[in-house]
Amino acid sequence: MLGLVDVMNATNIAVADGKWSDPDTWLGGHVPASGANVWVMPGRTVTVDGQFNDSLHTVRVSGTLRVTSTDVPVSRTAHDVSTTNGPST
């Protein structure tokens with residue numbers, strides 16, 4: 001069984017509800033880029049709002065990660081994705 005992604009190693013933390021591409025969603029105002037360790041905090045909802053081709057290292061979803069349309073092509077890859085207490089929709 002895989003362990004959860006360690007939040008202490010997160011390079012990008014969602015601290016506000018918002019769009020993935022919006023810097024205001026992320027602590028420090030930096031949108032995740034290739035190699036990022038992403039954490040969506042409990043109680044936060046992040047909406048994937050476009051096509052992103054970055055290869056992420058990890059994604060931990062403790063809140064909600066949402067793709068709102070089947071028309072949005074998502075070609076993100078991550079080496080480790082984990083969810084806790086929240087859906088990925």
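In what follows, every heavy atom counts, from backbone to side chain, and hydrogens, waters and symmetry copies are set aside.
- At a threshold of 4.5 Å between non-hydrogen side-chain atoms, the residues Arg66 and Val48 do not count as touching.
- Scanning all heavy atoms of the two residues, the minimum distance from Ala33 to Asp54 falls at CA-OD2, 3.8 Å.
- Ile13 places a side-chain heavy atom less than 4.5 Å from the side chain of Met41.
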I would like to know whether Leu65 and Trp20 meet side-chain contact (heavy atoms from CB on, under 4.5 Å); could you show each step before the answer? CA-CA 9 Å; Leu65 182 64; Trp20 186 281; 3.9 Å; yes

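- Counting all heavy atoms, side chain and backbone alike, Thr25 lies closest to Lys19 at OG1-O, 2.9 Å.
- Looking at heavy atoms from C-beta onward, Trp26 lies in side-chain contact with Val38 at the 4.5 angstrom threshold.
- Taking 4.5 Å as the limit, some side-chain heavy atom of Pro32 sits within range of a side-chain heavy atom of Leu56.
- The two residues Arg60 and Val7 have their closest heavy-atom pair at NH1-CG1, 3.5 Å.
- For the pair Arg44 (side chain) and Asp17 (backbone), a donor-acceptor distance under 3.5 Å is absent.
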Could you walk me through whether Asn12 and His30 pass the side-chain contact (heavy atoms from CB on, under 4.5 Å) check? CA-CA 7 Å; Asn12 298 85; His30 301 284; 4.2 Å; yes

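- Using a distance-only test at 3.5 Å, with no hydrogens or angles considered, no donor-acceptor pair links the side chain of Asn37 to the main chain of Thr11.
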